[in-house]
Amino acid sequence: MDTLQELVNVLDKQDKIDFKTYLNRKNKRNDVKNIKLFNLIETDDIKSLDKIYKNFKNKDAYHALRKRLQDSLLLFLSQRTFENSNDEIYDILRNIVCSEIPFRK
């Protein structure tokens, strides 16, 4: 089964809207196609996927776009989990992640 499709299916309606907003904020250029791909995966419109990259040479670009979209979705879901959680375990994990930052340099 397609991992990206499964991740999109996990989201509810509000999460999908929030994720599109997250992608809009994250996009630096106007010609990115990640939101268009997300909409096509969300509606399960397989025939329209060819319209994103019409050229066969761009098959690698399509797979790179899918990978970036999947990474963005996983990051969004992990951030959402930390934001909405009040459990002690998530507080501990959040502190561990934040404590690593000064040691990166």
Side-chain angles (χ1 to χ4, degrees):
M1 193 107 212
D2 184 21
T3 308
L4 184 56
Q5 179 71 42
E6 289 181 23
L7 287 172
V8 170
N9 290 339
V10 167
L11 300 175
D12 63 6
K13 188 174 184 174
Q14 185 60 44
D15 286 340
K16 290 177 183 178
I17 293 169
D18 292 343
F19 181 62
K20 289 177 191 176
T21 304
Y22 169 79
L23 287 177
N24 266 330
R25 280 187 276 130
K26 188 177 173 184
N27 291 341
K28 303 286 187 223
R29 298 176 9 193
N30 293 331
D31 62 341
V32 269
K33 300 177 181 181
N34 53 7
I35 296 174
K36 182 185 262 188
L37 177 62
F38 180 79
N39 289 333
L40 293 174
I41 291 173
E42 180 182 14
T43 58
D44 203 21
D45 190 6
I46 297 171
K47 293 181 181 180
S48 294
L49 287 176
D50 294 335
K51 294 178 184 175
I52 292 180
Y53 291 110
K54 297 174 185 166
N55 215 341
F56 181 73
K57 294 178 184 177
N58 289 328
K59 201 169 190 176
D60 290 338
Y62 168 72
H63 289 292
L65 176 63
R66 283 183 59 88
K67 175 70 170 127
R68 286 192 307 272
L69 182 63
Q70 182 175 337
D71 290 346
S72 294
L73 185 54
L74 288 172
L75 183 62
F76 172 78
L77 289 173
S78 66
Q79 288 174 348
R80 178 63 61 104
T81 301
F82 277 124
E83 287 174 1
N84 295 336
S85 175
N86 293 328
D87 295 338
E88 290 181 13
I89 188 73
Y90 290 114
D91 288 336
I92 293 168
L93 287 173
R94 194 174 311 133
N95 289 334
I96 290 172
V97 169
C98 292
S99 68
E100 175 202 351
I101 293 172
F103 297 110
R104 289 185 183 173
K105 294 184 179 191

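Rounded to the nearest 0.5 angstrom, Leu65 CG and Leu37 CG are separated by 4.5 Å. Here the CD atom belonging to Gln70 is positioned 12.5 Å from the NE2 atom belonging to His63, to the nearest 0.5 angstrom. Annotation: the span from Phe19 atom CZ to Phe76 atom CZ amounts to 7.0 Å, rounded to 0.5 Å. If you take CG on Leu4 and CG on Asn9, they are separated by 9.5 Å, rounding to the nearest 0.5 Å. One finds the CG atom of Leu7 at 9.5 Å from the CG atom of Leu69 (value rounded to the nearest 0.5 Å). The NZ atom of Lys26 sits 12.5 Å away from atom CG of Asn24, with the distance rounded to the nearest 0.5 Å.
Residues Tyr22 and Val32 fall into different hydrophobic clusters, defined by Ile, Leu, Val, Met, Phe, Trp and Tyr side chains chained together at heavy-atom separations under 4.5 Å. Placement of Phe38 and Ile17 in two distinct hydrophobic clusters is found when ILVMFWY residues are connected by side-chain heavy-atom separations under 4.5 Å, directly or transitively.
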Checking Leu11 against Leu73 for the side chain to side chain contact (heavy atoms under 4.5 Å, CB included) test, could you report, in this order, the C-alpha distance in whole Å, the side-chain angles of both residues, the deciding distance, and whether it holds? CA-CA 10 Å; Leu11 300 175; Leu73 185 54; 3.7 Å; yes
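Paired with Glu42 under the rule salt bridge (Lys or Arg N to Asp or Glu O under 4.0 Å), one option of Lys20, Lys13, Lys36 passes, and it is Lys20.
Around NZ of Lys67, the count of heavy atoms belonging to other residues, nucleotides or ligands within 6.0 Å does not exceed 12.
Pairing each heavy atom of Asp12 with each of Asp15, the nearest pair is OD1-N, 2.8 Å.
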